[in-house]
Amino acid sequence: MDKADIKIEGAMVCDGTGAPLFKADVAIVDDRIQAVGDLSAQPAGSVIAGEGLVLAPGFIDVHTHDDRAVLSDPGHACKVSQGVTTVVTGNCGISLAPLSVPDDKRPAPPLDLIAPTGAQLFDGFGDYLAALDDAPPAVNVLPQIGHSTLRLAAMSDLQRTASETELSTMLSLLEDSLAAGAAGFSTGLFYRPAEHASTEEVIALVKAVGAAGAFHSTHMRDEGDFVIDSIDETARIGHDGGAPVVISHHKCTGEGNHGRSSETLARIDHYRVRQPMALDAYPYEAGSTVLDSARLEGARKILVSWSEARPDCAGRDLDDLAAEFGMSRSETAKMLSPAGGIFFMMDEDDVRRILAHPSTMIGSDGLPHDARPHPRLWGTFPRVLGHYSRDVGLFSLEKAVRKMTGLPAARFGLIDRGAIRPGAFADLVLFDAASIIDSATYENPMEPAAGIELVMVNGRVVWRDGVSTGARSGRAIRLKDIKPQNVPDAA
Ligand code: ZN
Ligand code: CU
């Protein structure tokens with residue numbers, strides 16, 4: 001047998017398909033897995049001891065806002081420390097390209113979550129991809145283009161649906177971006193820059209997405225009282241637009257909607273056997289986004305995650321601040337703005353039911369530029385494995401790993417990723433199943449998780465023994481490199 005560059009010996013392999021663990025050695029040559037099995041006779045440049053550990057495909061974070069973080073913090077410890085090797089960016093309708101805003105101007109929320117000034121934006125999607133190629137991060141990046149970004153680029157007034165001329169401007173920007181390599185198109189109809197877009201406007205754009213062989217993901221118009229209408233609208237957009245759709249961070253918000261995940265999942269099941277539809281979730285009862293003083297209902301508690309006006313208020317409870325200032329919740333939010341919040345608005349039973357659904361993938365939705373981020377940024381994947389799988393027993397380790405590897409790789413058509421088999425890319429994570437757990441909390445949100453021993457991206461070790469190795473072996477994955485699943489799930 002040819003000499004391997006690296007050999008991982010004696011780990012329990014969790015191959016990403018959901019199949020039971022099995023003990024094997026794994027040999028790596030260049031950026032690929034060369035062999036899996038009893039490789040005791042095979043020579044290797046270096047050997048990594050896997051005894052007593054689980055070796056899984058690197059985790060795929062299907063819902064991120066890491067667009068700028070992968071450039072500004074290429075070591076990307078918040079994700080690599082969890083075993084994540086690929087991030088899908090450009091979610092919730094916001095991407096850094098194609099848009100230009102003066103350097104001293106603040107882009108409209110929620111785009112300011114990833115671009116606090118115009119200086120962070122890129123005129124063309126190809127420019128963004130070129131920046132990734134020039135300075136690759138430690139993780140692979142699958143980039144989407146955001147609908148709200150297109151609206152900001154093409155429309156003079158966002159308080160209405162796009163005119164014919166604006167729609168054709170958006171279409172040509174979208175087509176150029178897809179041609180440059182954007183892999184998907186995201187919408188954030190919940191948010192102010194897109195809430196006045198008609199379903200027809202979105203369908204017209206998604207038609208171009210489907211024709212290009214890309215995918216659509218959506219932060220739906222409503223995740224509360226009208227969540228079923230939103231699922232219906234999402235299905236219509238996917239069906240009429242002819243593109244596979246991912247429902248992002250599925251949840252039922254507001255006390256009156258607690259327990260309704262039985263209903264929403266049944267609705268999604270109804271559609272997903274008729275058209276390609278997928279979903280993702282993060283393992284927490286709180287969400288996080290911009291703090292909008294007119295949108296504070298439905299949350300039993302709100303923590304301030306950052307504030308431009310009052311940076312000292314980050315980490316504080318909004319109600320405590322309101323009491324101190326003698327103001328209402330919304331007056332306080334207005335005073336802190338621009339700002340972000342962490343909103344406790346979900347029911348634990350819904351979180352568990354959604355996570356346990358066989359079609360649910362894992363996406364952190366972490367916000368990497370927040371002063372006091374939601375702990376999901378540093379904790380999502382170890383929390384699913386350590387808390388929900390091992391401690392709560394919600395699903396097996398093999399099923400948990402599939403939700404973060406084989407399942408998303410199939411949905412997004414990430415060729416030769418999300419699997420441990422000869423020929424697959426050597427995106428790997430070695431962890432201790434007995435001790436893996438999230439360490440990030442609401443009080444102390446930027447703590448690396450426990451139990452992650454080693455992380456490899458495209459055959460290079462990027463994280464070992466709790467620290468970055470400095471390797472930046474991630475790649476920008478373009479539309480031409482993927483083949484998204486464009487058929488319904490079997491009934
Ligand atoms: Zn969102
Ligand atoms: Cu998001």
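We count ligands from 1, going down the list as the structure has it; atoms in each ligand are counted the same way.
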Modelled atom types, side-chain donor and acceptor of [X] and [Y], under 3.5 Å:
{"X": "R376", "Y": "Y282", "result": "yes"}
{"X": "H249", "Y": "E223", "result": "yes"}
{"X": "H65", "Y": "D365", "result": "yes"}
{"X": "S198", "Y": "T161", "result": "yes"}

Query raised in the report: the Zn ion (ligand 1) is nearest to which N, O or S atom of H219?
Result: ND1
Query - Residue pair R295 / R192, side-chain heavy-atom distance below 4.5 Å - result: yes
**Report entry** Test ring pair (Phe, Tyr, Trp, His ring centres under 6.0 Å) applied to Y191 and H147, H196, H219, the passing residue
**Finding:** H219
**Report entry** With the Zn ion (ligand 1) as the apex, the SG/NE2 angle for C92 and H249 - to 10°
**Finding:** 120°
Query raised in the report: Do you see an N/O/S atom of H63, backbone or side chain, under 2.8 Å from the Zn ion (ligand 1)?
Result: no
Query raised in the report: Which protein atoms of type N, O or S are found under 2.8 Å from the Cu ion (ligand 2)?
Result: H63 NE2, H65 NE2, C92 SG, D365 OD1
Requested in this report: Look at the aromatic rings of F59 and F381 and report parallel, tilted or perpendicular, splitting at 30° and 60°.
Outcome: parallel
